[in-house]
Trainee: 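I have a structure I would like to understand better, so I am pasting it below and will then ask my questions one at a time.
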Amino acid sequence: MASSFPSVAVTPSATLKLQPHFRKYPPTSYFPTDKSQSISLQKSHRLTHLDPSYLDYREALSSAKEEGLEDLELSFYVPLLQECLHKGSISDTKIVHGHVVKTGTHQDIFVMSFLVNVYAKCGNMENARKVFDKMPRRDDIAWSTLLVGYVQNSQPKHAIRGFQEMLYAGSYPSNFTLAIALNACTSLQSLKLGDQFHAYIIKYNIGYDASIGNALCSLYSKFRKLKLALNAFRRIKEKNVISWTSAISACGDNGEAAKGLRLFVEMLSEDIQPNEFTLTTVLSQCCEIQYLELGSQVHSLCAKFGYDSDIRFRNSMLYLYLKCGCIGEAQILFNGMDYHSLVTWNAMIAGHAQMMEHTKDNLSACQNGIEALNVFSKLNRSGMKPDLFTFSSVLSVCSRLVALEQGEQVHAQAIKTGFLSDVVVSSSLINMYNKCGSVERASKAFLEMSTRTLISWTSMIAGFAQHGRYQQALQLFEDMKLAGVRPNAVTFVCVLSAYSQAGMVSEALDYFEIMQKEYKIKPVMDHYTCLVDMFVWLGQLEEAFNFIKKMDFEPTESIWSNLIYGCQSQGNLEIGYHAAEQLLSLKPKDSETYMLLSNMYLSAGQYEYVSRVKKIMEEENIRKLNDWSWISIKDRVYSFKPNDKAQPQSSLLYKSLEDLVSKAKNLGYEMLESVEISEEEEDEKTTSPTIYHSEKLAITFGLEKLPYSSPIRVVKSTLMCRDCHNFIKYVSTLTGREIVVKDSRRLHKFVNGQCSCGDFGCFL
DNA sequence: CTAGGGTTAG
């Protein structure tokens, strides 16, 4: 994928010049001595580049209050309002506003427009509107300022209404006003209205300039109409940097990062100089496709243009490094930053969370998660306050680590800071409790939500399904439809998996049809996987195999491994062998596959084949997967290897485990021997004891260290073996504890001798 | 004024 791009020249062509992005106004403009200068100020409406350090505005403000306002020049308000804007202070703005009214300056439409702008930026649209209504007349700038205020304060309906008022009042919209109206349509999520504005633009023959083209580009992009968005961009005759940046980000927002990057290359070849916005957009798209090489070249470009100290750029780069798995580079960049913004911290946490997601190996995934939690506690110690982004990322890390105690602490912090009211944070919370095995607390959190999105509903349905509570999952699905929320492909994965695990074949197949016909959702691999698994668990291997053959997709690894597992319990060696062959062509030399195959022959009593498989494994030098288990207690995560005698307290721990085993045996537990690939070559045994498997050690450790009756939660790097699964059921009865084990495939929750997977898991 | 960095479900 990466190689298809033309490489970007690190040195920009000589014609590119630095933009003067900081312009100083002559100080005389602050205190115009006559009316003409005041008018010139009106023209230079954009005063955002004024150097605020020029005057002590606060002093000016208080002296203005003391002296009364008669002495003040009209344009003295400009720096005062500038300062209000800078500080975002409503109370200061009200003082200035009072002065404006007292001195009769409210007749001046420039000062009044500015006041509208300041109130809007402070988030107070009521006052902005009051000021606007008091104006003697309104020009295009006044209207635009008001409309922009509405859009930026998430009141797009008011913006559209304002646009209509403007037409009724007899003002003609400028291109700029139309661009704002289009943005209002974007945030209103109304493509229909946007099309009407587009028609208006065409009907009244309004010149198609960059501001309209850019707005149309982002409008269509938000509605996932990339083609229309790019058309809007192409039609702009004089494309500016913003046009290019909008078009590039439109590609990225529509999952066409590669196309966006090609546009970037085109932009460079047209000698348009990117600014820091463009470069950060490009970096985020490098992130999407993990194109680190281009990212590094962008880094060099940034250095060339002097943007590389920009905090936003650095945050993007940091995230890119993490997404590409370059922890070392990310660490160096992070340490070298003189200032960490909240986004820096969030990028660090989310980056590690992303690495967890994309790391196949559960061992390194957990290490990433532990590091993410470390970063989070450093953030808390730094005195900076986490926000909703932090909370949702950290909660997702806790859920993947099955770290309930940390998750509870984050929950408490989210309540205290008020961020739990955010729908994303509370959805993450639901997911955390579900993944940590507490479906009760997840549903409590779900009920307490004031608004629920599709993701909130889907998370909860998934939670019920994962805990084997199929009826509740399906009931919630009905409730969701009653609430008017339209299910998507992911929701149907959960629903199908609930039906299939409940063994409700005809219902599952019906919903598979309904999904396609009624909801127009194209089935993806995961939907087929649910149905295939259903046939496997029901022991209908022929049906499963036929279903696989009918699919439009190449079967995935998990389909084949589940099939082998089904073949083991049914003794169908023929299909099992075929599945193993297929699986090995997808994952050559995969030890798990050989183990499943060997277990299948072992169950069928075909010992000759068992030793044949073992021989192949030796010849091919197939190594056992790293088998680790973790348990998190308070703020520490403890890890265990099988037969690990390195732990300082290991002899005590082994003793406790052996006690537990003999107690379980009294209840009827029989230890199974499983096929092991020995790590020492000289070991000749085909079977080996399963007693010291890592999850058994981790659970024993948890039983000792955690308070009485506290649930035990363990994460395991590989598939659990059948013996451990069986043993843990006995332990849950013996100790009366709830035990949750997340293995490389799924979640198992053991309560009172029963597992939530209903023994339809896949075991080694 | 329009554009940019970080979040949730299988």
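Letters go in sequence order (proteins before strands), and every chain restarts at 1. Worth knowing before you read on, the calculation uses all heavy atoms, side chains too, and leaves out hydrogens, waters and symmetry mates.
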Trainee: Mark yes or no for whether A/Asp422, through its side chain, and A/Val424, through its backbone, hold a donor-acceptor pair below 3.5 Å.
Mentor: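 Yes, because the side chain of A/Asp422 sits within donor-acceptor range (under 3.5 Å) of the backbone of A/Val424.
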
Trainee: By the 4.0 Å heavy-atom rule, please label A/Ser426 as base, sugar-phosphate, or nothing.
Mentor: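 Since no nucleic acid heavy atom lies under 4.0 Å of A/Ser426, the category is nothing.
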
Trainee: Give A/Gln466 one of three labels, base, sugar-phosphate or nothing, depending on what nucleic acid heavy atoms sit under 4.0 Å from its own.
Mentor: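 Touches sugar-phosphate only.
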
Trainee: From C-beta outward on A/Ile455, which listed nucleotide comes closest to its side chain: B/dG4, B/dG6, B/dT8?
Mentor: B/dT8

Trainee: Report the nucleotide, chosen from B/dG10, B/dG4, B/dT8, that has the shortest atom-to-atom distance to any side-chain atom of A/Ser249.
Mentor: B/dG4

Trainee: Nearest to the side chain of A/Phe277, which nucleotide is it out of B/dG4, B/dT2, B/dG6?
Mentor: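 Selected nucleotide: B/dG4.
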
Trainee: Rounded to the nearest angstrom, tell me the gap between atom CE in A/Met317 and atom P in B/dG4.
Mentor: 20 Å

Trainee: Heavy atoms only, 4.0 Å cut-off, all strands: where does A/Ser459 land among base, sugar-phosphate and nothing?
Mentor: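 If one applies the 4.0 Å heavy-atom cut-off, A/Ser459 turns out to touch the sugar-phosphate alone, with no base involved.
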
Trainee: Go through B/dG5, B/dG4, B/dA9 for me and flag the one nearest to the A/Ile311 side chain.
Mentor: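 For A/Ile311, the side-chain atoms sit closest to B/dG5.
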
Trainee: NA contact type, A/Asp209, heavy-atom cut-off 4.0 Å: base, sugar-phosphate, or nothing?
Mentor: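 Counting heavy atoms under 4.0 Å across all strands, no contact is made by A/Asp209.
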
Trainee: Does A/Ser341 contact B/dG5 through a side-chain donor or acceptor facing the base, at a distance under 3.5 Å?
Mentor: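 Checked by distance alone, the answer is yes.
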
Trainee: I'd like to know if A/Arg314 pairs up with A/Glu276 as an ion pair, taking the criterion as any Lys NZ or Arg NE/NH1/NH2 lying under 4.0 Å from an Asp or Glu carboxylate oxygen.
Mentor: no

Trainee: I want to check a possible cation-pi pair here: A/Lys239 against A/Phe233, using under 6.0 Å from ring centre and within 45° of the ring axis as the test.
Mentor: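 Judged by the rule (NZ or CZ under 6.0 Å from the ring centre, within 45° of its axis), A/Lys239 counts as positioned above A/Phe233.
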
Trainee: Within the structure shown, what part of the strands sits under 4.0 Å from A/Ala462 by heavy-atom distance: base, sugar-phosphate, or nothing?
Mentor: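 If one applies the 4.0 Å heavy-atom cut-off, A/Ala462 turns out to touch the sugar-phosphate alone, with no base involved.
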
Trainee: Just the rounded figure in Å: distance from C1' of B/dT7 to CG of A/Leu429.
Mentor: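 Atom CG in A/Leu429 sits about 14 Å away from atom C1' in B/dT7.
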
Trainee: Would you say B/dG10 has OP1 or OP2 under 4.0 Å from some side-chain N or O of A/Lys435?
Mentor: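 It does, given that an N or O in the side chain of A/Lys435 lies less than 4.0 Å from OP1 or OP2 of B/dG10.
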
Trainee: Which nucleotide sits closest to the side chain of A/Asn431: B/dT7, B/dG10, B/dT2?
Mentor: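 Taking heavy atoms from C-beta onward, the closest nucleotide is B/dG10.
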
Trainee: Side-chain N or O of A/Gln152 versus OP1/OP2 of B/dT2: is the shortest distance under 4.0 Å?
Mentor: yes

Trainee: Any side-chain N or O of A/Tyr319 less than 4.0 Å from the OP1 or OP2 oxygen of B/dT7?
Mentor: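 So the side chain of A/Tyr319 is within the cut-off, an N or O lying under 4.0 Å from OP1 or OP2 of B/dT7.
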
Trainee: Whether the side chain of A/Gln290 engages the backbone of A/Cys286 through a donor-acceptor N/O pair (distance < 3.5 Å, no angle test) should be reported.
Mentor: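 Judged by distance alone, no pair lies under 3.5 Å.
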
Trainee: Using a 5.5 Å cut-off between ring centres and planes within 30 degrees, is A/Phe389 stacked on the base of B/dG6?
Mentor: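 Stacked: centres under 5.5 Å apart, planes under 30°.
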
Trainee: Assign A/Ile242 to base, sugar-phosphate, or nothing according to its heavy-atom contacts below 4.0 angstrom with the strands shown.
Mentor: base

Trainee: What integer distance in Å separates A/Ile349:CD1 from B/dT8:P?
Mentor: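 That distance rounds to 12 Å.
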
Trainee: Need one value for A/Asn214: base, sugar-phosphate or nothing, where a base atom within 4.0 Å counts as base even if backbone is also close, heavy atoms only.
Mentor: base

Trainee: With the side chain of A/Asn315 defined as its heavy atoms from C-beta on, choose the nearest nucleotide among B/dT2, B/dG5, B/dT7.
Mentor: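 Between B/dT2, B/dG5, B/dT7, the one nearest the side chain of A/Asn315 would be B/dG5.
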
Trainee: Does the base of B/dG5 carry an N or O that pairs as donor and acceptor with the side chain of A/Asn346 under 3.5 Å?
Mentor: no

Trainee: Using a cut-off of 4.0 Å on non-hydrogen atoms, how would the nucleic acid contact of A/Ala350 be classed: base, sugar-phosphate, or nothing?
Mentor: sugar-phosphate

Trainee: Which pair of non-hydrogen atoms, one from A/Gln354 and one from A/Tyr319, has the smallest distance, and what is that distance?
Mentor: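 It is CG-OH, 3.4 Å.
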
Trainee: Are the side chain of A/Arg400 and the backbone N or O of A/Ala365 linked by a donor-acceptor pair below 3.5 Å?
Mentor: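 Flag not set: sc A/Arg400 to bb A/Ala365 has no pair under 3.5 Å.
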
Trainee: A/Asn488 has an atom CG; how far is it from atom P of B/dG10, in whole Å?
Mentor: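 One finds 12 Å between P of B/dG10 and CG of A/Asn488, rounded.
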
Trainee: Are A/Ser284 and B/dG5 close enough that a side-chain N or O sits under 4.0 Å from OP1 or OP2?
Mentor: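 Affirmative; the distance criterion is met.
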
Trainee: Kindly point out which of B/dA9, B/dG4, B/dG10 is positioned nearest to the side chain of A/Leu454?
Mentor: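 Looking only at side-chain atoms, A/Leu454 lies closest to B/dA9.
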
